[in-house]
Amino acid sequence: MHKPVKYLEKALSITANGAWFVFERLNRIHPNPSFIPKWSEKPLLKSYEKSKPPLGWPRQTDSLCPKCVPEIRQQILDGKLPQEVLLNQKVGEIKAQIIERDGKILMVKDCPKHGHFEDVMSIDVDFFRHLEQTFPGRDIRSHNDEHLHHHGTSTVKYGRGAVLTIDLTNRCNMMCDPCFMDANQVGFVHELTWEEIKTLLDNAISIKPRRQMSVQFSGGEPTLSPYFLDAVAYARKVGYNSVQAATNGIEFAKSKEFCRQAADSGLRYAYLQFDGVGNAANSHRKVGNLFDVKLKAIENLHEAGVELVPVTTIVNGINNEQVGRIVQFALDNPRIMSFCSFQPVSFTGRDEAITDERRQAQRYTLSHLAHDVKKQTGLGEPARDWFPLSFVSTFSDWADLVHGPDAAWGQVSCGCHPNCGVGMAILIDKHTKDAAPVTAFLNADRLAKDVAKINDAARGKFLSSLGMAISVMRNYDSFKTTPHFTLYALLKKFDKSFGVSKKAQTGGYGKVSGDRTLEDIQKRRTDRWNILFIAGMWFQDLYNYDFRRTEQCIIPYATQEGEISFCAYNTGIGWRNIVEKMHMTATLTKWYDEHGRHEIFAGGKKVSLDGVELKALTLKDEIVTTEEQKDLDTLGIAKNAREEKMRARNEKMKNDGAYNEKMAKLYREVILKEGPAASKDGFIPLDALQSKANKKSEQVAEEVLGD
């Protein structure tokens, strides 16, 4: 039976619906011009001023040849081509078509030299269409940025991003597959000095529009850098509220003290590598007790005041069956988990030379994710509850409007291409653990259109806030929420997220600024209602590369050669290989001589832990995986680049064995006269036979030693 408050809220929604039509008609009269905020040199964009890339299908875009690019990159690394060709030439670029075929969306392209390539973009046409139709448009075009954005056709052109990534080191304490940067395998160390770290952070706030991005320290494993804690503290000092570490969690699991030091330095989020629930589900990473490490790291970090974001690289046939278990793990722990980040595999780094057979078997798209969440948890309709990450930029624009022209920073604006990232928000009652998709009880499509109209009118804080409140109420369905959730709680959630009221601006919900304390953290955690955001971020590789995505990247890398799109850096033309080689710290041999070898956990080696006691976490036995996923074994397909390479080598040795047997037979026939000669004239010159055999032996030896 519904509580009386539900009926009261329904009446309020009906009343608000009528009030909206009055408000909206009055609000459209003589709209105000957009102001120029302190953090930009251009005015806020109205919804109809936002540009969009070509969308829909069939359409043509600019892409890359998966074979040309590695060849050209290697020539640059070998010094045979200057790096400048990337700035003034369209290196490896070819046209691609995005089409619909057999109920799927595909990218197809042809290289004059290497032939035809195609890959799947989506297994659900309606889902793909929904994402593109709800894309609100690009962010403000970047300006005052020429000293950082200067990378030819790979240049970031729009917005200022949502997450600035800084790789502190390419060293890692694991050596696993997949790895988009091929950690520990490139033969040299690239590690930022303290002065370089400060310069990259100082540069990041010098360009416009200046937004309150997250700064994510990554690697390799960022905690191996001797400047990790200093870097976190400095990022806070220059003004970034959200400082993150993309980590495998080993160092955090080993030491509570290190967790406390990180929290005291200002670390707000740990983006924790998390491939599944149970050690078996993480076994492909080749650490014997990796899931125990994750649990220990979560417990230690949460106790210290750091928030957790499990980050899962999803590979079809390896851990796609873990999607529901990971989401359920988050649902079971709403006091700790407010975010799940899934990253469909990008075939780059160790996997760039992947075979077509393995690529097709392991390819996983954002549409796979939406369907797996529904199939494995029962939550969410793909074309109703999932939206492009850029969908929230309409609400960020509203927050920028109500904060006024004197705000020092703009709101985080996820203005990425609709094919890049998606998300679904789940409301969870921390007390009862009841859950429901937010878009099941809040008409997000209509709400966003309402907010765009509020933004376009550009009124002051009071009228803009009033319009938002009326729109939220009219788009709210009280009978589709969790039993105890209220409209008042929803309005408070908006205020807490966008910081509009005096209470929010004075830290009434708990401060998030650089001077926040553990008390502030605990205050924010007392909120009964958790919004679990399930996100999917699909990084490109050479088989699905689209320059329209690259130019509006929201997660740029800060490097010694400027700020580069995530995909252009790690995939695409592969700026990472070039930048790290240009700014190499030392060869591995020299580094080991001067610093010694850091411990690497691989080959099933276990991390030494002082026990794993679950104090804050809930872990249900029924979601713990006890066996590896066997799909690829059944199909006879390699699981990773290392296994693929071994199979190719074994096949070559097998073929070489057959070749050597044939040569031995010819030797017996021709030299020892034990049988009829195989040649058409009955004679094979001895020197020709020996020469051919020697060349084959040299070729095999070179390839084996080269590996």
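Quick note: numbers below take in every heavy atom, side chains included, and nothing from hydrogens, waters or symmetry partners. Bear in mind the structure is a predicted one, so any value in this text is a computation, not a measurement.
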**Request:** Report yes or no: does Asn282 contribute a side-chain atom to a donor-acceptor pair with the main-chain N or O of Gly276 at less than 3.5 Å?
**Result:** yes
**Message:** Can you classify the ring geometry of Phe135 versus His417 as parallel (below 30°), tilted (30 to 60°) or perpendicular (above 60°)?
**Reply:** parallel
**Asked** Leu389 and Gly423: which non-hydrogen atoms are nearest, and at how many Å?
**Response** CD2-N, 4.1 Å
**Message:** For Ile76, is there any backbone N or O sitting under 3.5 Å from a side-chain donor or acceptor partner on Gln83?
**Reply:** no
**Request:** Output yes when Arg647 and Glu643 qualify as a salt bridge under the 4.0 Å nitrogen-oxygen rule, no when they do not.
**Result:** yes
**Prompt:** Could you walk me through whether His284 and Asp275 pass the side chain to side chain donor-acceptor pair (under 3.5 Å) check?
**Reply:** CA-CA 9 Å; His284 58 287; Asp275 284 349; 3.0 Å; yes
**Item:** Point-to-point distance, once rounded to the nearest 0.5 Å, from CD of Glu563 to CG of Leu148
**Value:** 5.0 Å
**Prompt:** In terms of side-chain heavy atoms, does His371 have a donor or acceptor partner in Asp124 at a distance below 3.5 Å?
**Reply:** yes
**Message:** Salt bridge check, Asp633 against Lys639: does any charged N sit closer than 4.0 Å to a carboxylate O?
**Reply:** yes
**Over all atoms of both residues, closest heavy-atom pair of Gly219 and Pro222** = N-CD, 4.1 Å
**Prompt:** Okay, side chain of Asp546, backbone of Arg548: is any donor-acceptor separation there less than 3.5 Å?
**Reply:** yes
**Item:** For the student: nearest non-hydrogen atoms of Leu200 and Ala558, plus distance
**Value:** CD1-O, 3.5 Å
**Message:** Is there a side-chain contact between Asp351 and Arg358 in this structure, where contact means two heavy atoms from C-beta onward sitting under 4.5 Å apart?
**Reply:** yes
**Request:** Flag this pair as yes if the NZ/CZ of Arg138 is under 6.0 angstrom from the six-membered ring centre of Tyr158 and inside a 45 degree cone about the axis; otherwise no.
**Result:** yes
**Prompt:** With distance as the sole criterion, is a donor-acceptor pair present between the side chains of Glu644 and Thr355 under 3.5 Å?
**Reply:** yes
**Request:** Please answer whether the main-chain N or O of Gly562 pairs with a side-chain N or O of Asn203 as donor and acceptor at a distance below 3.5 Å.
**Result:** no
**Message:** If only side-chain N and O atoms count, and only distance matters, is there a donor-acceptor pair under 3.5 Å linking His147 with Ser206?
**Reply:** yes
**Item:** Distance-only donor-acceptor check, side chains His114 and Glu71, under 3.5 Å
**Value:** yes
**Prompt:** Is there a donor-acceptor pair closer than 3.5 Å between any side-chain N or O of Ser390 and the backbone N or O of Pro418?
**Reply:** no
**Request:** Tell me yes or no: between the side chains of Gln629 and Asn320, is some donor less than 3.5 Å from an acceptor?
**Result:** yes
**Prompt:** With the threshold set at 4.0 Å, does a side-chain nitrogen-carboxylate oxygen contact exist between Arg363 and Asp541?
**Reply:** yes
**Request:** Before giving the answer on side-chain contact (heavy atoms from CB on, under 4.5 Å), spell out for Asp397 and Leu45 the whole-Å C-alpha distance, their side-chain angles and the decisive distance to 0.1 Å.
**Result:** CA-CA 8 Å; Asp397 292 343; Leu45 291 175; over 6 Å; no
**Prompt:** Can you tell me how far the CG atom of Leu290 sits from the OG atom of Ser283, to the nearest 0.5 Å?
**Reply:** 9.5 Å
**Message:** Quick check against the 3.5 Å criterion: does Ser393 have a side-chain atom that pairs as donor or acceptor with the backbone of Cys414?
**Reply:** no
**Complete:** Value for CG (Asn544) from CG (Leu64), rounded to nearest 0.5 Å, stands at 10.5 Å
**Prompt:** So, Thr155 versus Glu551: side-chain donor-acceptor pair below 3.5 Å or not?
**Reply:** no
**Message:** Main chain of Ile573, side chain of Arg73: is a donor-acceptor contact present, judged purely on distance under 3.5 Å?
**Reply:** yes
**Item:** Ile578 vs Leu77, side-chain contact (heavy atoms from CB on, under 4.5 Å): CA-CA, chis, key distance, verdict
**Value:** CA-CA 6 Å; Ile578 296 163; Leu77 293 172; 4.2 Å; yes
**Message:** One pair to check against salt bridge (Lys or Arg N to Asp or Glu O under 4.0 Å): Arg59 and Glu132. What are the steps and the verdict?
**Reply:** CA-CA 13 Å; Arg59 70 174 184 259; Glu132 295 200 343; 3.0 Å; yes
**Request:** Give the minimum heavy-atom separation between Thr585 and Glu191, together with the two atoms involved.
**Result:** OG1-N, 2.8 Å
**Message:** Quick test of your reading of the model: are Lys90 and Asp62 salt-bridged, counting only N-O distances below 4.0 Å?
**Reply:** no
**Item:** Atom of Trp57, atom of Ile98 and distance for their closest heavy-atom approach
**Value:** CB-O, 3.4 Å
**Pairwise side-chain contact, Val392 with Val412, heavy-atom cut-off 4.5 Å (strictly under)** = no
**CA sep, side-chain torsions, deciding dist, call: Glu100, Ile105, side-chain contact (heavy atoms from CB on, under 4.5 Å)** = CA-CA 5 Å; Glu100 178 182 347; Ile105 302 295; 4.1 Å; yes
**Asked** Heavy-atom count around Lys104 NZ within 6.0 Å, excluding the residue itself: above 12?
**Response** no
**Asked** Within the side chain of Lys294, is there an N or O that forms a donor-acceptor pair under 3.5 Å with the backbone of Asn248?
**Response** yes
**Message:** Strictly below 4.0 Å, N to O, side chains only: are Lys374 and Asp385 in salt-bridge contact?
**Reply:** no
**Complete:** Tested for side-chain contact (heavy atoms from CB on, under 4.5 Å) against Trp386, the lone hit among Val422, Thr134, Leu366 is Val422
**Asked** Do the charged groups of Lys208 and Asp145 touch, with an N to O distance under 4.0 Å?
**Response** no
**Item:** side chain to side chain donor-acceptor pair (under 3.5 Å) between His151 and Glu561, intermediate numbers included
**Value:** CA-CA 9 Å; His151 303 96; Glu561 295 298 312; over 6 Å; no
**Message:** If you define the side chain from C-beta out and look only at heavy atoms, does anything of Ser154 sit under 4.5 Å from Phe547?
**Reply:** yes
**Request:** Check the side chains of Tyr271 and Ser218 for a donor-acceptor pair under 3.5 angstrom, ignoring hydrogens and angles.
**Result:** no
**Request:** Measure from the side-chain N and O atoms of Thr165 to the backbone N and O of Gln216, and report whether any donor-acceptor pair falls under 3.5 Å.
**Result:** no
**Request:** Applying side-chain contact (heavy atoms from CB on, under 4.5 Å), run through Leu532 and Ile534 and close with a yes or a no.
**Result:** CA-CA 6 Å; Leu532 173 65; Ile534 304 173; 4.2 Å; yes
**Request:** Taking the side chain as every heavy atom from C-beta outward, state whether Glu221 and Thr169 have any pair of such atoms under 4.5 Å apart.
**Result:** no
**Message:** Regarding Gln133 and Arg129, do their side chains bring together a donor and an acceptor under 3.5 Å, going by distance alone?
**Reply:** no
**Message:** Check the orientation of Phe566 and Phe539. Use parallel for under 30°, tilted for 30 to 60°, and perpendicular for over 60°.
**Reply:** parallel
**Request:** Kindly compute the distance separating NE2 (His116) from SG (Cys111), expressed to the nearest 0.5 Å.
**Result:** 12.5 Å
**Prompt:** Where is the tightest heavy-atom contact between Ala383 and Asp126, given as atom of each residue plus distance?
**Reply:** CB-O, 4.4 Å
**Message:** Does Lys52 have more than 12 heavy atoms from other residues, nucleotides or ligands lying within 6.0 Å of its NZ?
**Reply:** yes
**Item:** Thr312 (side chain) donor-acceptor with Ile314 (main chain) under 3.5 angstrom
**Value:** no
**Asked** If we only count heavy atoms from C-beta on, is the Ser214 to Val163 side-chain gap below 4.5 Å?
**Response** yes
**Item:** Thr348 and Leu542, any side-chain heavy atoms less than 4.5 Å apart
**Value:** no
**Message:** Pairing donors with acceptors under 3.5 angstrom, does anything connect the side chains of Gln360 and Asp356?
**Reply:** no
**Asked** Would you say the side-chain atoms of Gln540 and Asn570 include a donor-acceptor pair closer than 3.5 Å?
**Response** no
**Request:** Check whether any side-chain heavy atom of His190 lies under 4.5 Å from a side-chain heavy atom of Met584, and answer yes or no.
**Result:** no
**Asked** With side chains defined as the heavy atoms from C-beta onward, is the minimum distance between Gln411 and Gln212 less than 4.5 Å?
**Response** no
